[in-house]
Structures are given as C-alpha cells and as structure tokens.
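Only this structure's heavy atoms are used, side chains among them; waters, hydrogens and symmetry mates stay out.
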Amino acid sequence: MKTRSRVTVKGRVQNVGFRAFIQNKSNEFSVKGWVRNTENDDVEAVFEGDTQNVQRMLKACEEGPRAAQVEKVDAVEQAYKNEFEDFNIL
C-alpha cells in the first residue's frame with residue numbers, strides 16, 4: 001500500500017546536515033518527495049512511497065544526523081498522489 005506524509009521537524013535541525021541525511025535515507029528506502037528548510041528554523045518534507053518505507057522515513061526524522069537535536073516531529077498523513085519522480089532538496 002502507498003502513502004504520503006507531510007512532515008515538520010523541530011529542534012536543532014538546520015546547519016547540521018539534516019536535509020542531506022533525509023535525502024540519503026529516502027534513497028535507501030525508495031521514498032520520493034522533497035525536503036527543505038523553513039524560515040522559522042524547522043525542516044519540512046513530503047514523503048511518498050510504500051507505507052512501511054514512509055514509516056521508516058518518519059523514524060529517521062526522529063533520529064536525524066548525529067549533530068541534530070530533534071525536539072518534535074509532526075506528521076500528517078495525506079492522500080497518495082504519485083507526483084514525484086525522485087527525492088529532492090529544495
């Protein structure tokens with residue numbers, strides 16, 4: 001089954017390699033979508049793929065790269081749209 005999640009990650013998540021970490025995990029788990037920094041120092045992402053792999057991405061967001069300090073991950077499940085060809089850092 002396919003799913004889509006829109007995610008906001010809060011904490012010390014900018015300038016620590018978080019977006020590259022998430023892009024690497026997306027390749028590992030065959031998840032498509034995007035990740036970007038927000039103006040309020042959060043990281044935002046959209047993940048699309050097999051439900052199990054999107055769940056793995058959410059878990060990766062909770063952990064983050066070594067230098068990150070994740071305080072909170074907000075994830076909202078959305079309707080699967082199959083709109084991405086790959087995973088990009090925006």
Side-chain angles (χ1 to χ4, degrees):
M1 188 169 175
K2 304 280 188 179
T3 193
R4 175 184 175 112
S5 285
R6 186 175 193 100
V7 181
T8 303
V9 185
K10 299 180 178 292
R12 184 170 178 247
V13 293
Q14 290 192 12
N15 300 311
V16 293
F18 203 96
R19 291 174 298 157
F21 171 82
I22 291 301
Q23 186 176 45
N24 288 338
K25 290 294 184 181
S26 74
N27 291 330
E28 181 180 338
F29 300 139
S30 299
V31 170
K32 298 177 182 179
W34 53 261
V35 63
R36 67 181 174 197
N37 286 337
T38 67
E39 291 181 7
N40 60 346
D41 298 327
D42 297 335
V43 169
E44 184 178 41
V46 171
F47 304 132
E48 279 196 343
D50 291 333
T51 301
Q52 182 178 11
N53 290 338
V54 170
Q55 290 298 319
R56 289 178 175 153
M57 290 299 297
L58 297 176
K59 185 70 171 169
C61 286
E62 292 173 2
E63 297 169 2
R66 185 170 288 136
Q69 293 176 345
V70 176
E71 294 173 6
K72 186 176 182 183
V73 176
D74 291 323
V76 177
E77 192 169 330
Q78 299 178 327
Y80 181 74
K81 296 181 182 178
N82 194 29
E83 69 177 311
F84 305 112
E85 293 183 22
D86 51 18
F87 194 90
N88 293 298
I89 295 175
L90 302 181

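If you chain together hydrophobic residues whose side chains sit under 4.5 Å apart, I22 and W34 never meet in one group.
If you take CZ on F47 and CG on N53, they are separated by 11.5 Å, rounding to the nearest 0.5 Å. In this structure, K32 NZ and F84 CZ are separated by 10.5 Å, a value rounded to the nearest 0.5 Å.
Contact annotation: the side chain of V16 never approaches that of F21 to less than 4.5 Å [non-hydrogen atoms, C-beta and beyond]. Two residues are said to be in side-chain contact when any heavy atoms from C-beta on lie closer than 4.5 Å; F87 and V35 meet this criterion. Annotation: side chain of E44 is not in contact with side chain of V7 (no heavy-atom distance under 4.5 Å). When side chains are defined from C-beta on, R4 counts as touching V46, because their heavy atoms get closer than 4.5 Å. C61 places none of its side-chain heavy atoms less than 4.5 Å from the side chain of V70. Residues M57 and K25 meet the side-chain proximity criterion, which asks for heavy atoms closer than 4.5 Å.
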Trace of the side-chain contact (heavy atoms from CB on, under 4.5 Å) decision for M1 with D50: CA-CA 6 Å; M1 188 169 175; D50 291 333; over 6 Å; no

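Between P65 and F18, the shortest heavy-atom distance links the atoms CD-CD1, 3.3 Å. In terms of heavy atoms, E83 sits closest to E48 at N-OE1, 3.3 Å.
Atom CD of E85 has 12 or fewer neighbouring heavy atoms from other residues, nucleotides or ligands inside a 6.0 Å radius. Counting non-hydrogen atoms of neighbouring residues, nucleotides and ligands closer than 6.0 angstrom, the CG atom of N15 reaches no more than 12 such neighbours.
Remark: of the listed residues I89, N24, L90, I89 is the sole one forming a side-chain contact (heavy atoms from CB on, under 4.5 Å) with R19. Screening D42, D41, V43 for a side-chain contact (heavy atoms from CB on, under 4.5 Å) with K10, the sole residue that qualifies is D42. No option in T51, V76, V54 other than V54 meets the side-chain contact (heavy atoms from CB on, under 4.5 Å) test with S5.
Residues R56 and E28 are not paired through a salt bridge, judged by the lack of any N-O separation under 4.0 Å between the basic side chain and the carboxylate.
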